[in-house]
Amino acid sequence: MSRGDPEADRQPTRSGGSTDRLCPPDWFVETANVSDSDIRARFEANWPGCWRAAADLLDWDTPYDSVLSAGDDRLTWFEGGALKPSVNCVDRHVEAGRKNAVALRWIGAAGERESLTYLDLQYEVEAVAAGLRTLGVGPGNVVTLFMPNVPELPVTMLACARLGALHNVVYAGFSADELADRMESADSEYLVTCDGYYRRGSAVGQRNTADSARLRLDADVTGVLVGRLDDDPHLGRDYHGYGALRDEFAGATVEPVAREAGDPLFVLYTSGTTGEPDQVTHATGGYLSYAAWTAMAVLDIKPQDTYWCAADIGWITGHTYGVYGPLALGTTTLLHESPADHQAGGHPWTSIERESVDVFYTAPTAVRSMRQRGAPPSDEYDRSSIRLLGTVGEPIDPTTWHWYREHLGGGEAPVVDTWWQTETGGIVVATLPALDEMQPGSAGPGVPGLSVDVVDGAGDPVAAGTEGTLAVSRPWPGMCRRLAVEARAAGADADSPEAWRYVTGDRATRDADGYVTLLGRDAETIEMDETAVGTAVVERVISSLDGVTEAGVVRVSETGEIAAYVSCERNHPDTDALTERVRSRVRKEVSPAVCPDRIVVVPELPKTHSGKVMRRLLADVVSGHGYGDTSALRNPEVVGEIETVTREEEE
Ligand code: WTA
């Protein structure tokens, strides 16, 4: 097997992909969940019937009549079928004799460690469901959950699902206005929140934010308060105590509500780096089937695994691959209160060793920040339990990809770069780890059964290697309701799936083998004479330079000036020399037309809460407009320094 050399200055190709292709090791292939090499052909030959394979991973109370049916106003996957999501994620594993298997292991920011077996989880979910039921929660109600990664969050999600209510998880770092907007637009009259939580070692209050949001709402909201900082928080008139409800209903039996396949399971707002956040609703049958199938096929999750998805449950990644996918498969899902790059000591190795993590799934930003801090020597922490690594959320450059595989995967574990969105419900583009060669920097082909294309402005597929917009040219079970409606309006059904195409808004190229390389959002492009180049293409070339961990490239619209913000490894190189290297590499690898006018070295790039580089803010800083509100940022403290360095550099 060939191995990557993480330290080398790599030579990316024009589209930013690296030329090396790597095979998974034999030991991985031997035990992989999916290893039949004709799976894509079989799925193609039997579309949409192939998706029975996903539905078969679940228990259905009523079998479905058709795999994909076209109703008057939308498509429905597994129409006629009824299922109980909380039974699929909890009770059935207990009944199958796995009551003592750990479902959820939680590591608190203060180092606490709690384990819930599947039996414990069932007990908790039923008690909380019984409590919520007495407060009036029932089928179709929307319950807003405003909490960080604490065990009460997945428990309450599953309790809502048990009652046939929809959860609406709002990321815990959002402001009162953002919470109120999301409650209002989701028509939610129930709020489960907490007194506070720990972030980067300090206690953060949460209740005041929730209280301010409630003041803004006209609706009479029923509140439930989890005591995270204080076991017995003062409740006042506005809240019922989560702990008291749970204790009161401990041991209760709550008959789960069977949901029709097309009934909504939850609502969630997109992370919205550009524009307003959109409300996304996912249907019970299609979403859950697709979550389980992709977790099984792409992330290779097995029931005996300890699996760590480092995303916050406040985002879709935490929903699909932190909660629903892994629990449907009956595995142990590891939940951390702190993000992967903010663990004690700033790295995830302690938990990987202590919990013997098999599969680790995180964002490229987190990997870059680990890389920036530097990995401990490999004999210091045992990372040999890792079988598979995954990334999601942003393009990963080849240099970071190789670093990840070397330092977390022992140089051998396969890495899957998974592309998808809140709207897609689950992974759309990725390699199947035992079957497809890995190409660092390129996410890979569409998952089996999906038809992935790169299209031009008119919606027509472009030639291999040409930049365009990523599109999915056929429905799939994880598609959100809005897409199911749009597909139907466009005339798509089981016989004419190609009548509709979902244009994703992400720039990409596709090579002759069908491998897709993502180049950032459509909005993040630099116009050249005749064409546009994704800023990610330039960023990737810069990040491939030795010593550089991350780059954010923006163009100031008024002046046309291109600025590259660069962060470096600890022993960071001489800035003048770096500037020269950046310029000459961009000129050579991309085009002199996009060579940055300014290179600004900063300690960290500004990131959103979901870990995406906030380029809009860099553009504001460089254009001197002032950067306004920074509450959407995960690291607002770096903005002042970015501004200072930018201005100093101008002098
Ligand atoms: C970006 C997260 C490159 C992309 C699951 C997409 C990626 C947006 C990748 C959706 C990837 C996600 N490579 N870019 N592997 N995965 N993205 O809704 O721009 O929070 O449109 O869903 O993240 O973000 P969202």
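Numbering of ligands and ligand atoms starts at 1, following listing order. Bear in mind that the values here come from a model prediction, so they are computed numbers and not experimental data.
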Is any N or O atom of Thr422, backbone or side chain, closer than 3.5 Å to an N or O atom of ligand 1? yes
How close do Arg40 and Ala430 get, heavy atom to heavy atom, and via which atoms? NH2-O, 4.1 Å
Among Ile386, Thr332, Leu408, Asp305, find the residue that satisfies the side chain to side chain contact (heavy atoms under 4.5 Å, CB included) test when tested with Val357. Ile386
One finds that the ligand 1 atoms under 4.0 Å from a non-hydrogen atom of Thr317 are 5 (C)
Relative to atom 23 (O) of ligand 1, which among Glu394, Gln421, His319, Lys612 owns the nearest non-hydrogen atom? Lys612
Salt bridge (Lys or Arg N to Asp or Glu O under 4.0 Å) filter on Arg501, not counting sequence neighbours, yields Asp453
Close N or O approach (Leu518, ligand 1; < 3.5 Å): no
At a non-hydrogen distance cut-off of under 4.0 Å, which region of Thr418 contacts ligand 1 (side chain, backbone, both, or neither)? backbone
I'd like to know whether ligand 1 has Trp420 as a neighbour, heavy-atom separation below 4.0 Å. yes
Quick one: side chain to side chain contact (heavy atoms under 4.5 Å, CB included) partners of Val280, sequence neighbours excluded? Thr270, His282, Thr422, Glu423, Cys480
Find all atoms of ligand 1 within a distance of less than 4.0 Å from any non-hydrogen atom belonging to Pro395, and give their numbers and elements. 3 (C), 13 (N), 14 (N)
Closest to atom 19 (O) of ligand 1 (heavy atoms only, candidates Asp417, Leu470, Thr424, Asp506) is Asp506
Taking 4.0 angstrom as the limit, do Asp506 and Arg521 come out as a salt bridge? yes
Note: Glu394-Lys612 ion pair, threshold 4.0 Å (strictly below): no
